[in-house]
Amino acid sequence: AAKRAGRNGYAIFDPTMTLSVLEEAQQRADIEHALEHDEFRVLYQPVVDMTTQQLIAVEALVRWQHPRDGLLGPYHFIASAEANGLIVPLGRWVLRQACAQLARWRAESPAAAGLHVNVNLSARQFQYAGLVEDVAEALADAGLDAASLTLEITESMLMADIETAKETLYALRGLGVRLAIDDFGTGYSSLSYLKQLPVDVIKIDKTFVDEVHIDEDDVALVDAVAGLGQALKMKTVAEGIETDAQWDTLRKIGIDHGQGYLFGRPAEQERILEMLAVTVA
Ligand code: C2E
Ligand code: MG
Ligand code: MG
Ligand code: MG
């Protein structure tokens, strides 16, 4: 949690902090109120092909349009929602929004035909027994094919209870959705498990990207992950690309896809539609 606070420069809910019963109840009530009053929003960040810069996918990233505090990023409320369980309905809402949005883009633009949408799952959502049903329902209600949806999970979520995780992943794979490991390299995943899991995409964490253009050690690490991806037939995505120098280095290493402010910040759906229009032109 300290690392996250440092990275983003603002205070966050720290799950190790002891909250009074009253504070916990207040946070729960605030998030419940926000869900009921439609205060959450989803922004979409481009994921592009490293060579052609073509838009491959968008990642759905939740925000809270707080009536008093303004637009809040996930670090202000995800941990809290995770702790009190409201992440399950909130995550379901994001998932449904994202699927419906991709279906709308498809209806509005021929360039969206091959576009994918990525949705983050939290640990609690991943453990929730109704997850597979929620995903199936979100796809069916949006009229979206399962292969257009990629669910992002982290290494720690996989390794916490590997047998259950494996079952859940295979059930999701059974629906036809794709699976990505987010923030790869920051947790510890065992290579032997990785080999057994139906994972399609590895997202290399931003911490390996930050200095990849100046640090040989990062080059070696990213190169190793690129090799791993190739060996296991998984696509690799580099997160947090901000400069041309980082992009050049990662492209030369052979990373498949890129995401970062260089290609586009998380944006409103209208902005993505504009990007699609450019793609077709
Ligand atoms: P993540 O899934 O690893 O998402 C990438 C984060 O990096 C996003 O932060 C994105 O805005 C940020 N980012 C992307 N490119 C750059 C860059 O070039 N430079 C910098 N400095 N940052 C970049 P965001 O939107 O604040 O989300 C933070 C985390 O919150 C996400 O990390 C994800 O773990 C979580 N999150 C976001 N939306 C959801 C959601 O709907 N459900 C769940 N469970 N978690 C979510
Ligand atoms: Mg993610
Ligand atoms: Mg990530
Ligand atoms: Mg992250």
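Whatever order the structure lists them in is the order used to number ligands and atoms, beginning at 1. Values below: all heavy atoms of this structure, side chains included; hydrogens, waters and symmetry mates excluded. For reference, positions follow the sequence shown, starting with 1.
Within a 6.0 Å sphere centred on CD of E216, heavy atoms belonging to other residues, nucleotides or ligands number 12 at most. Counting heavy atoms of neighbouring residues, nucleotides and ligands inside a 6.0 Å radius, atom CD of Q65 exceeds 12 of them. Within a 6.0 Å radius of CD in Q230, no more than 12 heavy atoms belonging to other residues, nucleotides or ligands are found.
Within the structure, ligand 1 lacks K203 among the residues with a heavy atom less than 4.0 angstrom away. Note on ligand 1: G240 sits in its first shell, one or more heavy atoms being nearer than 4.0 Å. Residue contacts with ligand 1 include E59, since one or more of its heavy atoms lies under 4.0 Å from the ligand. For the pair P266 and ligand 1, a heavy-atom separation below 4.0 Å is found.
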Would R96 and E137 count as a side-chain contact (heavy atoms from CB on, under 4.5 Å) if you check the C-alpha gap in whole Å, the side-chain angles of each, and the deciding distance to 0.1 Å? CA-CA 9 Å; R96 296 182 61 83; E137 216 170 276; 4.3 Å; yes

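The nearest N, O or S atom of N118 is not closer to the Mg ion (ligand 2) than 2.8 Å. At a cut-off of 2.8 Å, D183 does not coordinate the Mg ion (ligand 2) through any N, O or S atom.
Within ligand 1, counting atoms from 1 as listed, the ones closer than 4.0 Å to a heavy atom of S122 are 44 (N). Using a 4.0 Å cut-off to heavy atoms of E242, the atoms of ligand 1 that qualify are 17 (C), 18 (O), 19 (N), 20 (C), 21 (N). Under a 4.0 Å criterion applied to the non-hydrogen atoms of L121, ligand 1 contributes the atoms 44 (N). Under a 4.0 Å criterion applied to the non-hydrogen atoms of V62, ligand 1 contributes the atoms 38 (N), 39 (C), 40 (C), 41 (O). In summary, the atoms of ligand 1 found under 4.0 Å from a heavy atom of D182, numbered by their order in the structure, are 1 (P), 2 (O), 3 (O). Atoms of ligand 1 lying under 4.0 Å from at least one heavy atom of V94, given by number and element, are 41 (O). Within ligand 1, counting atoms from 1 as listed, the ones closer than 4.0 Å to a heavy atom of Q45 are 10 (C), 14 (C), 15 (N).
At a threshold of 4.0 Å, the pair E32-R28 counts as salt-bridged, since one of the basic side-chain nitrogens sits closer than that to a carboxylate oxygen. A salt bridge links K206 with D210: the distance from a Lys NZ or Arg NE/NH1/NH2 to an Asp or Glu carboxylate oxygen falls below 4.0 Å.
Polar contact check, Y75 against ligand 1: no nitrogen or oxygen pair lies under 3.5 Å apart. Ligand 1 has no N or O atom lying under 3.5 Å from any N or O atom of A60, backbone or side chain.
Here the CD-OG1 distance, from E163 to T168, works out to 11.0 Å after rounding to the nearest 0.5 Å. Summarising the geometry, atom CD belonging to E39 is positioned 9.5 Å from atom CG belonging to L72; distances are rounded to the nearest 0.5 Å.
Between the OE2 atom of E59 and the OE1 atom of E152, the angle centred on the Mg ion (ligand 2) amounts to 90° when rounded to 10°.
The closest side-chain donor-acceptor pair between E59 and N120 falls under 3.5 angstrom. In this model, no donor atom of one side chain and acceptor atom of the other lie less than 3.5 Å apart for T154 and D182.
Contact between G229 and I202 at its shortest, heavy atoms only, is CA-CD1, 4.2 Å. Taking each heavy atom of D49 and H257 in turn, the nearest pair found is CA-CD2, 4.0 Å.
Evaluated by nearest non-hydrogen atom to atom 26 (O) of ligand 1, the leading choice among P74, P46, A98, G73 is P74. Between the choices K206, R265, Q259, the shortest heavy-atom distance to atom 20 (C) of ligand 1 belongs to K206. By heavy-atom distance, the residue among Y261, F77, W93, F40 lying nearest atom 23 (C) of ligand 1 is Y261.
Looking at D182 and the Mg ion (ligand 2) together, the shortest N, O or S contact belongs to OD2. For E239, the N/O/S atom at the shortest distance from the Mg ion (ligand 3) is named OE2.
The hydrophobic cluster containing I56 does not contain L179, counting ILVMFWY residues as joined when their side-chain heavy atoms lie under 4.5 angstrom apart, directly or transitively.
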